[in-house]
2 protein chains.
Amino acid sequence: MVDLIADSRRLNPVTATGNEQAPVRKRMPRAERERQMLTVAEEIFAARGFVATSMDEIAERVGVSKPMLYEYFGSKEGLLIGTIRQARAELRRSTEEAVLGAIDIEDALRKGLVAFFEFITSHRQSWSLLRNEGALMANSAGSEVEQTRQQQTNLMTALMQGFAPTVDEKSREAAAEILVGACERLATWCEHRDEVTPVQAAEYIMRACWYGMLAEFRGDAQNA
Amino acid sequence: MVDLIADSRRLNPVTATGNEQAPVRKRMPRAERERQMLTVAEEIFAARGFVATSMDEIAERVGVSKPMLYEYFGSKEGLLIGTIRQARAELRRSTEEAVLGAIDIEDALRKGLVAFFEFITSHRQSWSLLRNEGALMANSAGSEVEQTRQQQTNLMTALMQGFAPTVDEKSREAAAEILVGACERLATWCEHRDEVTPVQAAEYIMRACWYGMLAEFRGDAQNA
DNA sequence: CGATGATGTTACTACAAGTAGGTTACCGAT
DNA sequence: ATCGGTAACCTACTTGTAGTAACATCATCG
């Protein structure tokens, strides 16, 4: 209809008339474009929420047309999953890296916790995605994301295994879930309270859960 | 304009031609219709998820036209909030009732936990709503629901207060958040494992968190 | 140069949220 | 008994957004 817009856009690749701010839509390799899309999508999804976000808006902010998003991610949910996967990968990398330098299991847990809370305070956008990831995955691609999430607890489970090998499998799994749940909720709580430092948050978790588990598991180990 | 359709509809209230299955749409008082809508909506939201559910489908299953839903709940999100509010009210009632008969604080916590896990195993639909409630509330009516959710932790906070009055406010709040988070995650975990009984789940929580907090808070109280 | 495939676009369809304005059944008062 | 008046309800529409088909353009390598 309004061909003025289309025409002006068509001028873009060529050097603009001079006074225009050069919204230069350049072609770029797939990988780079993909990262750019994920960056923009994460920002908007985190700000407005999944439902209130439109693909048109993301496309516009990226400086590309909507079918490109579908070319790269298949669907709106696919795009969301992309952002979630990226965010979770970064979180995972941060925590695993922090754990590597630990001297014993308690130290590993504490360092992992601190890294986790540091991540969620410095990457609020990513966290607000991860926090809600389970919500929209009722039927479709839920399993894939659920699997990724599972990896989060696997680290915990591994720690548990090293710490309390004699305790039965199910109790260890439950303990890992409890720890993760506690962390997630406390992280959300911290969002409204900037005065709580990551170290402090980690300490809350340690005091509330770890020392209790320690006593309990040690007791179990002796009883068994 | 197309009065043919209107005419055929007009036949509905009157007894149908005979072989039809009597889609008799009866009028009913507001309160009753509202409850009916919430029941259907909860079922469909829980089954398909918020995004994949259409208002048309809910309206059809209720046996009413779409504008009715908007008359009663204002928007799709309003309808969701209605179902969440109802589910949370029921959960709250269950747990508070269970706590009343307790003889001390530890007993109160244990009874509350058992009631919680019993609720989420017997009301899976309600739980799958509550579990994800935070996801869609990025900007709009989030505060209202968040407030309701806050009440969930208030009971915990109150218990903490009674149990460890000398511990500073913030630690107590954090402890309450941790407990709630642990419960939520463990509840989701239990969904895939029918062999875990509510009593068992409650025991997991008690062992992981409570005894630890007990020792820790008692220690703090002595230090302070 | 010119073919080929990757990157990108316009212009559409289908469907769902939300609304304007009119209709019908119930209920209480005359 | 019947006749307003109102609460419950409907049809038919607009608007907006996910998703798609078919076409266009840039880059690169023979």
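Just so you know, these numbers come straight off a predicted model, no measurement behind them. Here is the naming used below: chain letters follow the sequence lines, and residue numbers restart at 1 for every chain.
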**Student:** Which nucleotide wins on minimum distance to the side chain of B:Pro67, given the candidates C:dA6, C:dT24, C:dA20?
**Tutor:** C:dA20
**Student:** Check whether any side-chain N or O of A:Arg110 sits under 3.5 Å from a backbone N or O of A:Met206 as a donor-acceptor pair, and report yes or no.
**Tutor:** no
**Student:** Any pair with a residue in residues 62-74 of chain A that passes salt bridge (Lys or Arg N to Asp or Glu O under 4.0 Å), sequence neighbours left out, goes on the list, sorted by first then second residue, please.
**Tutor:** A:Arg30-A:Glu71, A:Asp56-A:Lys66
**Student:** What's the closest nucleotide to the A:Ser54 side chain, out of D:dT17, C:dA25, C:dA17?
**Tutor:** D:dT17
**Student:** Determine the contact category for B:Phe73: base if any of its heavy atoms lies under 4.0 Å from a base atom, sugar-phosphate if only primed atoms, P, OP1 or OP2 are that close, otherwise nothing.
**Tutor:** nothing
**Student:** From NZ of A:Lys76 over to C1' of C:dA16, roughly how many Å is that when rounded to an integer?
**Tutor:** 12 Å
**Student:** Is the shortest distance from a Lys or Arg side-chain nitrogen in B:Glu203 or B:Arg207 to a carboxylate oxygen in the other one below 4.0 Å?
**Tutor:** no
**Student:** Just how far, in rounded Å, is P of D:dT17 from CG of A:Leu79?
**Tutor:** 16 Å
**Student:** For D:dA8, take OP1 and OP2 only and decide whether either is under 4.0 Å from a side-chain N or O of B:Tyr72.
**Tutor:** no
**Student:** For A:Ser75 and B:Met28, take the nucleotide of DNA chain D holding the closest heavy atom to each; which residue's nucleotide lies nearer the 5' end?
**Tutor:** B:Met28
**Student:** Whole-Å distance between D:dA18 C1' and A:Leu80 CG?
**Tutor:** 15 Å
**Student:** Send over the distance from B:Met55 CE to D:dC13 P, rounded to a whole Å.
**Tutor:** 21 Å
**Student:** Using the benzene-type ring in the case of Trp, are the ring centres of B:Trp127 and B:Phe117 under 6.0 Å apart?
**Tutor:** no
**Student:** Please determine whether any donor N or O and acceptor N or O are separated by less than 3.5 Å between the side chain of A:Lys66 and the base of D:dG19.
**Tutor:** yes
**Student:** Which atom names give the shortest non-hydrogen contact between B:Ala115 and B:Thr95, and what distance separates them?
**Tutor:** CB-CA, 4.1 Å
**Student:** What is the distance from CG of B:Leu69 to C1' of D:dC10, rounded to the nearest Å?
**Tutor:** 13 Å
**Student:** Is it the case that the base of C:dT7 and the side chain of A:Arg33 share a donor-acceptor contact (distance under 3.5 Å, atom types as modelled)?
**Tutor:** no
**Student:** Counting side-chain heavy atoms from C-beta on, which of D:dC10, D:dC26, D:dA7 comes nearest to B:Arg27?
**Tutor:** D:dA7
**Student:** Measure from CD on B:Glu60 to C1' on D:dC9 and round the result to the nearest Å.
**Tutor:** 17 Å
**Student:** Would you say A:Tyr70 places a side-chain N or O within less than 4.0 Å of OP1 or OP2 belonging to D:dA21?
**Tutor:** no
**Student:** What is the separation between atom CD on A:Glu71 and atom C1' on C:dA6, rounded to the nearest whole Å?
**Tutor:** 9 Å
**Student:** Closest to the B:Asp56 side chain: C:dT9, D:dC9, C:dA17?
**Tutor:** C:dA17
**Student:** Is there a donor N/O on one and an acceptor N/O on the other, under 3.5 Å, for the side chain of A:Arg30 and the base of C:dT7?
**Tutor:** no
**Student:** Starting at CE of B:Met37 and ending at C1' of D:dA8, how long is that distance when rounded to a whole Å?
**Tutor:** 10 Å
